[in-house]
Amino acid sequence: MALALGVDTGGTYTDAVLIRDETEVVASAKSLTTRADLAIGVGKAISTVLDDAQVSADQISMASLSTTLATNALVEGQGGRVALIYIGFKDSDLEKHGLKDALKGDPALIIAGGHSHAGAEVSPLDVAALTAFLDSHKGISGFAVAAQFATRNPAHELAAARVIGEKTGAPVTCSHHLSARLNGPKRAVTAVLNARLIGMIDRLIGRAQDQLRDLGIAAPMMVVRGDGALMSAEQARARPIETILSGPAASIVGARWLTNAENALVSDIGGTTTDVALIRDGKPAIDPAGAQVGGFRTMVEAVAMRTHGLGGDSQVRVVTEGLDGGVFLGPRRVLPVSLIASEAPDAVHAILDQQLCATTVGEHDTRFARRVPGIHADGVGPREEGLLDRLGDQVMPLSSLLRTRMENGALARLVDRGILQVSGVTPSDASHVLGGLDAWDADAARKALELFARKRVGSGDVLAKSPVLLAQMIVDQLTNQTSLTLLETAFAEEADSFGVSPQELARHVLTQRGLAQHRGLLALDAALNVDVVGLGASAPSYYPAVGEKLRCRMILPEHAGVANAIGAVVGRLTLRRSGTVTSPSEGRYRVHLEDGPQDFNASDEALALLETVLKNEVKGAVQQAGAEDIRVVVDRDIKTARVEAQDVFVEALITVEASGRPRVASG
């Protein structure tokens, strides 16, 4: 009997599941994610699932982790302070592909260097400028290095990384390690995001490994990549960007395992995001353009997933435009008032009672702040320091914490860095008021919704006449926004284009009237013509109404609340690497390798060398990660041009994939 342990660390909950012989769920458990020390939540979930299953730690033969933390961080704009070393590019290139937005005001250095399309050095690397920059910029958690045509010759990226490592000791991400494709600015975006995530993912994996060791679990630990495959913990620590969409990808693998669905939309609602993807012919679709999360298009291969800032802990905002008003959810995640009240009941209830006695609703009513212990505030400005000193270790209402409008920006920066958490009204609070949830403080949720209901809309009327009516309004809005995300995905995946964007089509009056089965001079009908698999702990509460609205079959499988953790267990260890052969001149074929280009007189020789190098690299890496029964697949994409009735070699991209099942420890 082989027992595998799957763990998923989400924004709100950490899930654990035990699976026997890859066929049966033995037990599952949930624990609140503890951001201050992720090991606490991981340890509680694992201990609970072991106790429930009545098995000992030494019986676990494999452990695997999936996480939405990288996805959530990019959606919410969080992560460490980074610096970009941009070699051989122009200042104007910072505007391309959202690179300036990805930097979020963090420093960038543009210096001379880089190579040509053929791999020849354009100009020497300006090491003096790099050294001066490093001397003048402190408090950087990670560096991203992107050089022009580094995929053709990575020498300058590697040289810059050596200088940075020697002078700072900080982790360095080289763009050519993340993708073999051209497009320097896009590779730079991917490298910046990777550098921003390194500290967060490294802490998560390190603490998870510590926790496994403390519990007596000696089995090797794997991590789910964004395409649903597994990688070793060490590989994930070096390339955390590959874990974006890890949790959502694991949920698709888990959904397929739970339902055997051949064709279905999978919608996974968590605390921070709703992730929607398509299973077609039994497999999740891979996004050929690279994963897109939080508005950034990366060069990371991942499932074709639409990630929206919509979850059980999404911030509820009042819609003041128009006379009717209403609410809108997300994209920010906040702490539910019911949750922060369960952790600091005296302080929260006293303030809520005081706010309820006021004649008008304050701008910051129901909003509280607390510091996340264990997260350092290196490199923050004087305004941020003032807020942190004022807050200390207590839970404080924003109305007391913020003394000037100027401090709003400082608060937002502290939240972005993960140093502070702020509470607010959420769908989770609404569910407590309606009786669908009872995990936290329902009385605090009712008080918060009573305050929120008093806010005024465009007509001057109050938002809602009671907490219950407001709660239903919030849940209905969640149903509506979830339905739109499913419709957008369906329109985007349609074989025939409608000539209009999926976002417009989902919201189009004809689509909405068709879903409502309009009957007048016209009879309009619309429905989602594919099953939907609803996942997430709150899916049973919210998704039946989504199925009714879209007039489709909604599948809510048993263990849907821990599908991510299940997907973490049943995947395969897989590694892909790509390389390029070009033809800089007639009869010459250049292989672009890590240690520099090599030229050959025959294309077959060049292709054979590159294929051998890539095979050895990926096979060795998956063996080192703990795979067995390894299968290697080679894909050759050779581009030719027709010249004088002959096919002339232009360029070849070779991709080699090695995959195998994780080797299980004897137990």
In this structure, are over 12 heavy atoms from other groups packed under 6.0 Å from R631 atom CZ? no
Could you check whether S501 and E504, counting side-chain N and O atoms only, form a donor-acceptor pair closer than 3.5 Å? yes
List in chain and number order the residues that pass side-chain contact (heavy atoms from CB on, under 4.5 Å) with V618, two or more places apart in sequence or in another chain; answer none if no residue qualifies. L575, R577, V656, A658
V546 vs L486, test: side-chain contact (heavy atoms from CB on, under 4.5 Å). Steps then yes/no. CA-CA 9 Å; V546 175; L486 286 163; 3.6 Å; yes
Please determine whether side-chain hydrogen bond (donor to acceptor under 3.5 Å, both in side chains) holds for the pair S66 and N564, giving the CA-CA distance in whole Å, both sets of side-chain angles, and the decisive distance to 0.1 Å. CA-CA 7 Å; S66 72; N564 294 33; 4.8 Å; no
Residue pair H308 / E488, side-chain heavy-atom distance below 4.5 Å: yes
Please report the shortest heavy-atom distance between L215 and A57, naming the atom on each side. O-CB, 3.0 Å
Applied to residues 606-634, the ring pair (Phe, Tyr, Trp, His ring centres under 6.0 Å) test, sequence neighbours excluded, yields none
Quick one: list whatever passes side-chain contact (heavy atoms from CB on, under 4.5 Å) with R213, sequence neighbours left out. D210
Close side-chain approach of V224 to L65, heavy-atom, < 4.5 Å: no
Is a donor from one side chain sitting under 3.5 angstrom from an acceptor on the other, for T655 and S578? yes
Begin from the C-alpha positions of T23 and D21 and carry the test side-chain hydrogen bond (donor to acceptor under 3.5 Å, both in side chains) through to its verdict. CA-CA 5 Å; T23 60; D21 299 327; 5.4 Å; no
Test item: P502 and E493 side chains (from C-beta on) under 4.5 Å apart, heavy atoms: no
Expected output: side-chain T243 to main-chain S246 donor-acceptor under 3.5 Å: no
Sequence-distant partners of E234, side chain to side chain donor-acceptor pair (under 3.5 Å), two or more places apart: none
Sole candidate of V475, L310, L329, D313 that passes side-chain contact (heavy atoms from CB on, under 4.5 Å) when paired with P427: L329
Are the side chain of T574 and the backbone of A229 linked by a donor-acceptor contact shorter than 3.5 Å? no
Does any part of the side chain of V570, heavy atoms only, come nearer than 4.5 Å to the side chain of V253, both counted from C-beta? yes
Derivation and outcome, side-chain contact (heavy atoms from CB on, under 4.5 Å), residues V266 and V276: CA-CA 6 Å; V266 178; V276 182; over 6 Å; no
Under the salt bridge (Lys or Arg N to Asp or Glu O under 4.0 Å) definition, can you give me all pairs with a residue in residues 532-542, not counting sequence neighbours? none
To the nearest 0.5 Å, what is the distance between CZ on F328 and CG on L478? 11.0 Å
State, yes or no, whether a side-chain contact exists between L607 and I638 at a heavy-atom distance under 4.5 Å. yes
Y543 and S267: side chain donor to acceptor below 3.5 Å: yes
State, with a plain yes or no, whether a side-chain heavy atom of T482 is found less than 4.5 Å away from one of K549. no
Expected output: side-chain T34 to main-chain G41 donor-acceptor under 3.5 Å: yes
Approximate separation, where rounding is to 0.5 Å, of K615 NZ and L610 CG: 11.0 Å
Can you sort out the partners of Y542 under ring pair (Phe, Tyr, Trp, His ring centres under 6.0 Å), two or more places apart, ordered by chain and number? none
Might you confirm whether atom CG of D647 has over 12 heavy atoms from other residues, nucleotides or ligands at distances under 6.0 Å? yes
According to the salt bridge (Lys or Arg N to Asp or Glu O under 4.0 Å) rule, which pairs have a member within residues 64-73, sequence neighbours left out? none
What do the steps show when you test V25 against W257 for side-chain contact (heavy atoms from CB on, under 4.5 Å), and what is the final call? CA-CA 11 Å; V25 176; W257 189 86; 3.7 Å; yes
Residues passing the ring pair (Phe, Tyr, Trp, His ring centres under 6.0 Å) test with F498, sequence neighbours excluded, are F491
Within the distance-only criterion (no hydrogens, no angle test), does the side chain of T273 pair as donor or acceptor with the backbone N or O of D275 below 3.5 angstrom? no
Check the surroundings of atom CZ in R636: do more than 12 heavy atoms from other residues, nucleotides or ligands lie under 6.0 Å from it? yes
Can a donor-acceptor pair be found, under 3.5 Å and without considering hydrogens, that links the side chain of R237 to the backbone of A233? no
Short question: side chain of T190, backbone of K186 - any donor-acceptor pair under 3.5 Å? yes
Are Q59 and L18 packed together at the side-chain level, in the sense that at least one heavy-atom pair is separated by less than 4.5 angstrom? no
Mind checking side chain to side chain donor-acceptor pair (under 3.5 Å) for D52 and listing every partner two or more places apart, or none if nothing turns up? none
Within 6.0 Å of CZ in R551, more than 12 heavy atoms from elsewhere: yes
Check whether the side chains of H177 and E594 place a donor and an acceptor atom closer than 3.5 Å, and report yes or no. yes
E262: what forms a salt bridge (charged side-chain N to carboxylate O under 4.0 Å, His left out) with it, not counting sequence neighbours? R256
So which atom in A539 and which in P544 form the shortest heavy-atom distance, rounded to 0.1 Å? O-CD, 3.6 Å
Passes side-chain contact (heavy atoms from CB on, under 4.5 Å), T9 versus V42? Steps please. CA-CA 7 Å; T9 302; V42 169; 3.9 Å; yes
Closest heavy-atom contact between S175 and R187? OG-NE, 3.0 Å
Quick one: CD on Q211 to CE on M221, what's the gap to the nearest 0.5 Å? 11.5 Å
Residues S64 and L230: closest non-hydrogen pair is OG-CD2, 3.6 Å
So OG of S314 and CZ of R333: to nearest 0.5 Å the spacing works out to 9.5 Å
With rounding to the nearest 0.5 angstrom, report the NZ to OG1 distance, K30 to T14. 9.0 Å
Taken to the nearest 0.5 Å, the spacing of D8 CG from T67 OG1 works out to 6.5 Å
What pairs with K283 under salt bridge (charged side-chain N to carboxylate O under 4.0 Å, His left out), at least two apart in sequence or on another chain? none
Between K639 and F649, is there a side-chain heavy-atom distance shorter than 4.5 Å? no
Nearest non-hydrogen partners of G534 and M554, listed with the distance: N-SD, 4.0 Å
Please collect all salt bridge (Lys or Arg N to Asp or Glu O under 4.0 Å) contacts where either partner lies in residues 556-569, sequence neighbours excluded, each pair once. none
Identify the two heavy atoms, one from L550 and one from S483, that lie closest to each other, and give their separation to 0.1 Å. CD2-CB, 3.9 Å
